[in-house]
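Scroll down for the structure; my scribbles are underneath it.
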Number of protein chains: 2
Amino acid sequence: MTVNDAEGPPLLPATAMAGRDEPVDRILATAYELFSRRGIRGVGVNELISSSGVSKATFYRHFPSKDALVLAFLELRDQVWTVDLIVAEASRRGNTPEERLLAVFDVFGDWFQREDFEACSFINVLLEMGAGHPLGKASIDYLSRIRGHIQALAEEAGLDRPEEFARSWHILMKGSIISATEGDALASKRAQQMARWLIEHHRGL
Amino acid sequence: MTVNDAEGPPLLPATAMAGRDEPVDRILATAYELFSRRGIRGVGVNELISSSGVSKATFYRHFPSKDALVLAFLELRDQVWTVDLIVAEASRRGNTPEERLLAVFDVFGDWFQREDFEACSFINVLLEMGAGHPLGKASIDYLSRIRGHIQALAEEAGLDRPEEFARSWHILMKGSIISATEGDALASKRAQQMARWLIEHHRGL
DNA sequence: TCCGAGGCAGACCGGTCTGTACGCCTCGGT
DNA sequence: ACCGAGGCGTACAGACCGGTCTGCCTCGGA
């Protein structure tokens with residue numbers, strides 16, 4: 001019995017930070033919590049250090065700047081959210097590559113209904129900082145990694161043109177996230193239906 | 001021969017502000033230009049007043065706060081972008097309701113390729129401020145108006161369940177915008193293909 | 001026992017933020 | 001001829017920003 005095991009997979013799995021209580025871990029854990037919920041510009045360094053119980057000097061000893069911490073946050077988000085929460089969970093729920101692909105939107109459905117649903121940090125940071133900013137570029141890179149997971153599943157499933165398939169699939173993922181942010185709790189179902197049609201049209205007929 | 005008639009429909013049509021040179025118009029025109037490109041928090045009041053050649057007292061005489069100006073900007077964006085640039089242009093390009101629906105993604109294709117492509121301000125503001133913020137709620141409202149235009153076209157086309165159709169369609173619109181922001185210039189084509197399948201499945205068979 | 005690395009607390013810097021206030025000027029109506 | 005509305009420029013308040021720096025304390029290894 002650890003923290004946040006009440007509803008679905010935990011956002012911050014104990015395995016990632018288990019037992020560690022070093023300042024750098026507290027900073028990262030706090031950054032994950034605050035950045036994912038309120039964005040980058042919405043969280044200041046002073047709040048970060050006070051919330052993580054760390055002095056300012058310690059903060060800047062581990063991270064040369066706030067942007068450096070944001071980069072570390074994005075990488076942590078890739079591990080915790082993309083890999084552990086979405087990809088791994090979808091793979092667990094499906095038995096075949098196609099089922100695993102479609103299960104992504106089942107996982108989305110559960111995720112959308114969490115009261116602490118915070119949308120996709122990569123999209124948030126990309127739009128907040130702009131595509132030209134280093135943090136925006138990093139976000140684009142992590143978004144492409146998500147597409148890579150989809151493409152790998154598409155290849156396993158033997159679908160046609162897996163790269164283009166993944167790009168179309170990703171449109172459904174991102175669009176449904178925005179719709180969920182607007183309050184459409186059924187956005188995952190709508191996207192999943194369109195995803196089924198996409199699979200049909202990419203099957204080697 | 002007016003301004004920005006070089007490539008496609010103008011972002012700020014002369015008709016909207018034609019001839020008017022009042023301070024409030026200059027403020028709004030500047031706000032449109034800056035907010036749509038750099039977001040809300042990325043533009044300060046000092047820059048707004050200096051760029052529009054207006055004193056600070058004049059600014060606060062017309063808009064009681066920066067948020068009030070943002071609300072006015074969102075409404076202007078609804079008129080200039082949603083109505084004049086997207087809906088009207090798509091209707092102009094298509095002869096039937098279904099063609100007009102699909103033409104939305106043709107307009108998107110042209111829009112995505114502009115070097116001053118700035119994504120969707122409603123999505124930007126929603127993610128920047130959060131769904132609970134008044135500006136976020138206003139953005140959700142303007143996004144629902146976009147869905148209303150789609151739903152109206154779906155009803156004209158006699159499609160099944162036009163409201164759900166519009167929600168799915170909107171997922172494709174928003175997802176393709178994010179993909180275009182990432183740099184995928186063909187996102188409009190991918191979304192349009194999925195949109196065709198969506199129409200097929202909503203036709204009264 | 002000592003000593004240095006690392007952590008905590010907080011003052012401080014220059015800059016930026018939204019918003020207020022004050023002084024001066026230029027109009028247009030009476 | 002006058003007078004007030006409205007516009008311009010600017011100084012300023014109060015808060016917050018990212019980032020630097022100093023001082024004190026604790027702990028672990030030689």
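Lettering of chains follows the sequences in order, A, B, ..., and the numbering in each one begins at 1.
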Quiz question: by atom type and distance under 3.5 Å, do the side chains of [X] and [Y] form a donor-acceptor pair?
X        : Y        : result
B/Glu155 : B/Gln151 : yes
A/Thr58  : A/Ser55  : yes
A/Arg77  : A/Tyr32  : yes

Over how many whole Å does the gap from [X] atom [atom1] to [N] atom [atom2] extend?
X       : N      : atom1 : atom2 : result
B/Ile27 : C/dG19 : CD1   : C1'   : 14 Å
A/Glu22 : C/dG7  : CD    : C1'   : 11 Å
A/Arg61 : C/dA5  : CZ    : C1'   : 8 Å
B/Ile49 : C/dG19 : CD1   : P     : 12 Å

Open item on the list: My understanding is that only residues two or more places apart in sequence, or in another chain, count here; which of them pass side-chain contact (heavy atoms from CB on, under 4.5 Å) with B/Arg196?
Closed with: B/Leu102, B/Gln192, B/Gln193
- [ ] Examine D/dG6: is either OP1 or OP2 under 4.0 Å from a nitrogen or oxygen in the side chain of B/His62? Give yes or no.
- [x] no
Task: Distance test, side-chain N/O of B/Thr58 to OP1/OP2 of D/dC8, below 4.0 Å - done: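 For B/Thr58, the contact criterion (side-chain N or O under 4.0 Å from OP1 or OP2 of D/dC8) is met.
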Task: A/Glu47 atom CD, neighbour heavy-atom count above 12 within 6.0 Å - done: yes
Identify the pairs formed between an N or O of the protein and an N or O of nucleotides 11-20 of chain D at a distance under 3.5 Å, and give each distance.
| residue | atom | partner | partner atom | Å |
| --- | --- | --- | --- | --- |
| D/dG18 | OP1 | A/Lys66 | NZ | 2.7 |
| D/dG18 | OP2 | A/Val45 | N | 2.6 |
| D/dG19 | OP2 | A/Tyr60 | OH | 3.2 |
| D/dG19 | OP2 | A/Lys66 | N | 2.8 |
| D/dG19 | N7 | A/Lys56 | NZ | 2.9 |
| D/dG19 | O6 | A/Lys56 | NZ | 2.3 |

TODO: Can you sort out the partners of B/Phe108 under ring pair (Phe, Tyr, Trp, His ring centres under 6.0 Å), two or more places apart, ordered by chain and number?
DONE: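 For B/Phe108 the ring pair (Phe, Tyr, Trp, His ring centres under 6.0 Å) partners, ignoring immediate neighbours, are B/Phe105, B/Trp111, B/Phe112.
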